[in-house]
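Per chain, numbering begins at 1; letters A, B, ... match sequence-line order.
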There are 2 protein chains.
Amino acid sequence: MGDVVRERVEGKLRGAGHQATPQRMSVVGALCEEQHQSLDEIRARCPEVGLVTVYRTLDLLSELGLVRRMELGGRPRYEMAERHHHHLVCESCGLISEFEDCPLDQGVISRTSPEFRVTAHSLEVYGKCADCG
Amino acid sequence: MGDVVRERVEGKLRGAGHQATPQRMSVVGALCEEQHQSLDEIRARCPEVGLVTVYRTLDLLSELGLVRRMELGGRPRYEMAERHHHHLVCESCGLISEFEDCPLDQGVISRTSPEFRVTAHSLEVYGKCADCG
DNA sequence: TTACATGCAAATGGTTTGCAAACAT
DNA sequence: ATGTTTGCAAACCATTTGCATGTAA
C-alpha cells in the first residue's frame, strides 16, 4: 500500500483516539489491493487477522470515512474511499467495473430538492459488460 | 390498491405460469400502500400472510420485475416498480423521500462506457432533510 | 389427480456480543 | 495502573429450506 494512504489512515485513527495496530493496517493493506471486495476476498488477503477484528476494523474505518461499504449485486462490498467513483455491475458474469464521470456533479439534486442538504450519494448501474453483451 | 395495478400484477403472474393467490395479492396490496417499506412494515399491513410466503412473494414479484428491492440506510426495502424514481435518505431521522428527476436520462453511461449495455440503475442520495437541516 | 402454493419448524449463515487474555500508554 | 484491542466461543437474527398439508386447474 502506498505510504500516502498509510499515513492518512494512521493519522485519522490516532486523531480519533484509536491505535494503528498491525491488524488494522493489514486490513487496510488488503483493501488497497483491489476495489469493491467482499468480506471473504478481504480475509483471504489478511488471513492472520481474526474474523471479528476484520468486521470491527471495517466498521471503525467506515465511521472515520476512510472506507465505503456498499451492496453490489446483492452482497456487501468494501473499498477505500479514495477517489469518488461509481460502479457498473454485469448481471451475467458479476464483473464490477468503475467509472469516474459522475452525473451528479452538476448539482442536479440541489435543483430538484433544494431543501435537502446532500452529503453523499451512491449510484450503481446494472447491465451487460462487453464480454457478455 | 388500484384496479390497474391489480390487473397488471395478475396478468404478469398468470402469464408466467403462477397463480394470483389471495396471499400474493395481499402482499401487493401492502406494497401499494406506501413506497420503500421494510419487511416488518409490509408484514404489519398483511399479518394474515405467513412470513415465509411474504419472502417468497417478494422474490417472485422481483423476478417478474414488478417489485424493486433495495438497500436504503442499511436495511432492505421493497416497493412496487411503477414509475421510475430515486431516493433521498436523511441520515439524521431516517426519513426517505423520492425524486423523479433522473440525472441519468441523458445517456451519461453510454457516453462514458459505450461497451456496457445498461438495463437498470439505482441512485441513493444521503444527507439532511429539511427538518434536520 | 397432478402440479402449485402455503406455513410451520428447523437449518443456515453472516454478523455481533461476552469475556478473558494480550497489548499500548 | 488503566484503557484499548484482540479473538475465541457463543449468541443473535434475518432469511432459506424441508416437508406435510391445503388448494387450484
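- With DNA chain D read from its 5' end, the first of the two nearest nucleotides for Pro76(B) and Gln19(B) is the one closest to Pro76(B).
- Side-chain contact between Glu10(A) and Arg24(A) is absent, with no heavy atoms from C-beta onward closer than 4.5 Å.
- No option in Leu88(B), Leu95(B), Val89(B) other than Leu88(B) meets the side-chain contact (heavy atoms from CB on, under 4.5 Å) test with Phe116(A).
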Run Arg45(B) and Glu34(B) through side chain to side chain contact (heavy atoms under 4.5 Å, CB included) and show every step you take. CA-CA 10 Å; Arg45(B) 290 200 155 92; Glu34(B) 199 176 359; 3.5 Å; yes
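- Nearest approach of Arg43(A) to Gly50(A), heavy atoms of both residues: NH2-C, 4.1 Å.
- Protein chain A touches strand DNA chain C; the 5'-most and 3'-most nucleotides with an atom under 4.0 angstrom of its non-hydrogen atoms are dG14(C) to dA24(C).
- For the pair Glu82(A) and Arg8(A), the salt-bridge criterion is met [side-chain N within less than 4.0 Å of a carboxylate O].
- Using a 30° and 60° split on the angle between ring planes, His36(B) and His87(B) fall in the perpendicular class, above 60°.
- Arg117(B) has no carboxylate O lying under 4.0 Å from a charged side-chain N of Glu115(B), or vice versa, which leaves the two without a salt bridge.
- Rounded to an integer number of Å, the gap from Arg77(B) CZ to dA14(D) P is 14 Å.
- Put simply, NE2 on His84(B) and OG on Ser122(B) are 9.5 Å apart, with the number rounded to the nearest 0.5 Å.
- Remark: Glu48(A), Gly50(A), Val52(A), Thr53(A), Arg56(A) in residues 46-67 of chain A come within less than 4.0 Å of DNA chain D through at least one heavy atom.
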